[in-house]
Amino acid sequence: MILLAGLLLTTIVLGLAGPQLLSNFIDGATSKAAVASLLRIGVVFIVVALANGALTIWAVYVGQNVGWTATNRLREDLARHCLDQDIAFHSARTPGEFIERIDGDLTALSNFFSEFVIRLLGSALLLLGVLIVLWHEDWRVGGAITVYVVVAAFALHRARSIAVQAGTEERQANADLFGFIEERLAGIDDIRANGGGGYMVQRLHLTLQKLFLTGQRAWRQRSSIWTMTMVIFGLGNALVFIMGALLFERHAITLGTVYLFFQYNQMLQDPLEQITRQMQDFQKAASSLVRVEELFAIQPAIVGGDTATLPLGALAVEFADVTFAYHDEAGPVLHDLSFTLRAGQVLGLLGHTGSGKTTIARLLCRLYDITDGAIRLGGVAVDAVPLDDLRRRVGVVTQDVQLFHATVRDNLTFFD
């Protein structure tokens, strides 16, 4: 960041020097100065322009590096945060939505962070530098342009949050589309075998329609800032032309100074336009940032204890008057269930679908917490043991076959 700040300041100084050199060249040419003097100014101008271009490229590289480093770390933190959530959290969301939330939203943020500092900060510093030089050249022009910039900045500030809500809805619609596609592709055999293709295509059409309409609304609101900017630029050009012509007619300034005013006004347009564009990107990023913050704000309801440790060796299992109900169920799945399984003993649970067999296994390793009663392993209540210790001692083989893109060993040991 320190290197980036130094590069920004250097490029701004070089950018401000260019019009000064051209103004001197014009005044020298109109006053029939020596050719050698004009050539020196031209050579210095070319060197300054090349140096400015090289340093700008370097600054862009450093800015991109800072932005991607930060957002990659944020992506890692968010993925870890989601992995630490309860099963109920994951059951309520599709994998496609997670892809969009963790990758899509953060990619939007990385694009924003990688350019926002260099574009917005650089534009603001350039804006300040131009105004200082204009005040030094002529206080009347400097004052008029300062008022113009203040009005323009105020208008842009008022418009900065116009499309945030629409952008948030657009990102959510995009996440819904990813979730829909992922879920349907996973079940493509069942859909085709049961003749559900037409229905799914219609659902896809409706999902895409929602994304199109929300995206259109967000783009329309974001583009209103661009329209406002074009109007502001037109007024600024008119102001500079009028003041330059009047002062030149009164012989208050030279032709080179007229060019200097015009060129600096053009330089003002670039930072204002950059600020406007960054404000539009800021609205997109703000929408993504809101969704990221919402995800970070969700905390797991199941928290491991820290007051007990499990004894070594095989563990006895005890369910004491256990009652449990899922949040989306009308009533309890398990009612006052009690049994004891001695260490080393094998027990098979039989029952029809929905009778609670899988639920018992989930409760044993605290994927869900019981509504009432107690569960003990080796005489120790499971909610008093750290989750990592508990799940290290309880092995689960689910009824769903999941093969990871990894070695056979990793699939058998779950990467541990």
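Since the structure is predicted, the reported quantities are computational estimates derived from the model, not experimental observations.
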> Can Asp103 and Arg75 be said to form a side chain to side chain contact (heavy atoms under 4.5 Å, CB included), step by step?
Replying inline: CA-CA 7 Å; Asp103 186 63; Arg75 182 179 283 107; 3.6 Å; yes

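- Listed by chain and number, the residues in a side-chain hydrogen bond (donor to acceptor under 3.5 Å, both in side chains) with Trp135 are Thr146 (sequence neighbours excluded).
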>> Could you go through Tyr326 and Tyr368, starting from their C-alpha distance and side-chain angles, then the distance that decides it, and tell me whether this counts as ring pair (Phe, Tyr, Trp, His ring centres under 6.0 Å)?
In response: CA-CA 9 Å; Tyr326 289 102; Tyr368 292 92; 5.1 Å; yes

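- With sequence neighbours left out, the side-chain hydrogen bond (donor to acceptor under 3.5 Å, both in side chains) criterion links Thr207 to no other residue.
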> Do Asp336 and Val322 pass the side chain to side chain contact (heavy atoms under 4.5 Å, CB included) test, and can you show the C-alpha distance, the side-chain angles, and the key distance before you say yes or no?
Replying inline: CA-CA 5 Å; Asp336 298 323; Val322 170; over 6 Å; no

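- Under the rule for a side-chain contact (heavy atoms from CB on, under 4.5 Å), the partners of Tyr148 that lie at least two apart in sequence or sit in another chain are Ile145, Ile232, Phe233, Leu239, Asn265, Leu272.
- Ile12 meets the side-chain contact (heavy atoms from CB on, under 4.5 Å) test with Leu16, Leu125, Leu126; sequence neighbours excluded.
- By the side-chain contact (heavy atoms from CB on, under 4.5 Å) test, Asp369 is found to be paired with Ile302, Arg366, residues two or more places apart in sequence or in another chain being considered.
- The side-chain contact (heavy atoms from CB on, under 4.5 Å) check on Arg409 picks up Thr407, Thr413, with sequence neighbours excluded.
- Residues Asn174 and Glu170 have side chains that never bring a donor and an acceptor to within less than 3.5 angstrom of each other.
- A salt bridge links Arg392 to Asp389: at least one charged side-chain nitrogen sits closer than 4.0 Å to a carboxylate oxygen.
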>> Before you tell me yes or no, could you show the steps for Phe324 and His335 under ring pair (Phe, Tyr, Trp, His ring centres under 6.0 Å), namely the whole-Å CA-CA distance, both residues' side-chain angles and the distance that decides it to 0.1 Å?
In response: CA-CA 7 Å; Phe324 173 74; His335 306 263; over 10 Å; no

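- Applying the 6.0 Å contact sphere to CG of Leu412 captures more than 12 heavy atoms from other residues, nucleotides or ligands.
- Remark: the Gln209 side chain and the His205 side chain contain no N/O donor-acceptor pair separated by less than 3.5 Å.
- Between Phe319 and Thr340, the closest side-chain pair of non-hydrogen atoms is not below 4.5 Å.
- Residues Thr11 and Asn52 bring no donor and acceptor atom of their side chains to less than 3.5 Å of each other.
- The closest side-chain heavy-atom distance from Thr323 to Ile370 is not below 4.5 Å.
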